[in-house]
**Q** 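Below are the C-alpha cells for one structure; questions will follow.
Both backbone and side-chain heavy atoms feed into the values below; hydrogens, waters and symmetry mates do not. Quick caveat, the model's predicted, so the values are computed rather than measured.
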Amino acid sequence: AAGSLRKFTSRQIDLLSSLAQGNGTGVDLYEHRAVPHPEGLLLKPINYPEDKSFNYTAETAGVIRVKEVDKSFTLRIIETGSELDFIGLSGPEKAFLDADKTGDIIHIRNWLPGDKYIPLGAPGNQKLQDLFTNAKIDRTKRSEAAVFLSEERICWVSGFRVAEEFKVTDKTRRILS
C-alpha cells in the first residue's frame, strides 16, 4: 500500500533511514515509535500516561495532599517582619509568593493544554508545553506538575519559577510559602 510522508519532518525521515541501517534504538513518530525488527522496522503505539487529572481548592494555610501524583504541599503565611532562613526553604518544589496578591484561596490542578504565564524574569508569556519541552521533561512526567492558581491566574508551576505578577517585592507584607 502506498503511503504519504508529508506529515513527517525531514529529520524524522533521516532518523528512520539511519535506524533501518542499524543505527539507534528507536524513533518517536507522533503517536508511534519505530523500533528495529529482524524484518525491517516495527511501529509500536506510544503508551501515553494514565490520566492524573486533579483539582483542589485550599485556604492559604495547611497541607494539601495531591494523591493522584503522590505529592504534598504545605501552605503557610509568613509575616515579612519575622526572622526567616530562606536558604533552607528554597528548592524546585517550594515557592514564595506575595500573599496579598494571591488572596486567601489557592487552586491546585494539573496543567492543561494552552496554559501560560509569565515566569519571574521572562520577557513575556510562556506556554507550559514549551517550558516542559525546553526543560526536557518527559511527557509521561508532565502530568505530575502542580499548577497553583489565584482565581484563574497561574501563580506558580511546581519545579519552575513563580509568576512575575506574584513575586515577593520590598512592598510585600505577607508571603505565601
Side-chain angles (χ1 to χ4, degrees), residues 9-12 15 27-28 30-31 46 48-177:
T9 66
S10 60
R11 171 97 173 116
Q12 288 172 318
L15 289 170
V27 176
D28 286 336
Y30 307 106
E31 297 172 1
I46 293 176
Y48 285 93
E50 62 185 85
D51 183 20
K52 294 184 179 178
S53 296
F54 57 91
N55 193 342
Y56 294 84
T57 300
E59 295 197 22
T60 53
V63 176
I64 303 302
R65 171 124 170 77
V66 181
K67 64 181 184 289
E68 293 83 355
V69 294
D70 196 28
K71 289 185 182 181
S72 292
F73 296 95
T74 301
L75 301 178
R76 63 184 177 147
I77 298 292
I78 303 165
E79 300 296 327
T80 55
S82 64
E83 292 288 323
L84 182 63
D85 176 15
F86 282 97
I87 295 171
L89 296 174
S90 63
E93 294 295 322
K94 296 181 182 178
F96 299 97
L97 305 166
D98 187 320
D100 293 324
K101 292 178 183 174
T102 63
D104 294 329
I105 303 293
I106 295 291
H107 300 278
I108 305 168
R109 64 164 169 79
N110 56 294
W111 81 283
L112 299 172
D115 275 349
K116 59 186 174 181
Y117 79 122
I118 302 175
L120 186 62
N125 274 318
Q126 303 279 315
K127 288 184 180 179
L128 295 192
Q129 172 74 41
D130 294 340
L131 289 174
F132 294 145
T133 300
N134 293 340
K136 298 185 181 350
I137 295 176
D138 187 86
R139 86 175 102 189
T140 62
K141 296 290 184 190
R142 294 175 187 180
S143 62
E144 296 178 16
V147 177
F148 289 70
L149 300 105
S150 170
E151 298 176 7
E152 294 296 315
R153 299 179 330 259
I154 295 176
C155 308
W156 177 55
V157 179
S158 63
F160 291 92
R161 293 175 282 169
V162 301
E164 181 74 34
E165 176 184 359
F166 296 95
K167 70 182 176 185
V168 173
T169 68
D170 57 352
K171 292 181 173 48
T172 300
R173 296 178 300 134
R174 298 178 316 131
I175 298 170
L176 173 62
S177 165

**Q** Look at the side chain of R174 and the backbone N and O of I77, then say whether any donor-acceptor pair between them is shorter than 3.5 Å.
**A** no

**Q** Would you give the length of the straight line joining atom CD of E68 to atom OG of S143, rounded to the nearest 0.5 angstrom?
**A** 10.5 Å

**Q** Under the 3.5 angstrom rule, does the side chain of N110 hit a backbone N or O of F54 as a donor-acceptor pair?
**A** yes

**Q** So which heavy atom on L97 is nearest to which on V168, and how close?
**A** C-CG2, 3.9 Å

**Q** Are the aromatic rings of F166 and F148 close, with centres under 6.0 Å apart?
**A** no

**Q** Is the CZ atom of R65 crowded by more than 12 outside heavy atoms at less than 6.0 Å?
**A** yes

**Q** Please check if the number of heavy atoms outside E164 that lie under 6.0 Å from its CD is greater than 12.
**A** yes

**Q** Taking the side chain from S150 and the backbone from G103, do they hold a donor-acceptor pair closer than 3.5 Å?
**A** no

**Q** Return the CG to CG distance between L149 and N55, rounded to the nearest 0.5 Å.
**A** 8.5 Å

**Q** May I ask you to decide if D130's main-chain N or O and N134's side chain share a donor-acceptor pair within less than 3.5 Å?
**A** yes

**Q** To the nearest 0.5 angstrom, please state how far the CG atom of L131 sits from the CZ atom of R161.
**A** 8.0 Å

**Q** Which pair of heavy atoms, one from R153 and one from K101, lies closest together, and at what distance?
**A** NH2-O, 3.9 Å

**Q** Using 0.5 Å steps for rounding, measure from the CD atom of E151 to the CD1 atom of I105.
**A** 10.5 Å

**Q** Measure across S158 and E93 and return the closest heavy-atom pair with its distance rounded to 0.1 Å.
**A** CB-OE1, 3.4 Å

**Q** Are R109 and D115 close enough, and set up right, to give a side chain to side chain contact (heavy atoms under 4.5 Å, CB included), and what steps lead you there?
**A** CA-CA 11 Å; R109 64 164 169 79; D115 275 349; 2.8 Å; yes

**Q** Nearest heavy-atom pair of F132 and R142: which atoms, and what distance?
**A** CB-NE, 3.4 Å

**Q** Working to the nearest 0.5 Å, report the span between OG1 of T80 and CD1 of I78.
**A** 10.0 Å

**Q** Calculate, to the nearest 0.5 Å, the distance between atoms CZ and CH2 belonging to F96 and W156 respectively.
**A** 10.0 Å

**Q** Dump the intermediate steps for side chain to side chain contact (heavy atoms under 4.5 Å, CB included) on W111 and V157, then the final yes or no.
**A** CA-CA 9 Å; W111 81 283; V157 179; over 6 Å; no

**Q** Whether the side chain of E144 engages the backbone of K141 through a donor-acceptor N/O pair (distance < 3.5 Å, no angle test) should be reported.
**A** no

**Q** Checking side-chain contact (heavy atoms from CB on, under 4.5 Å) between L176 and each of I106, D100, D98, which is the one that passes?
**A** I106

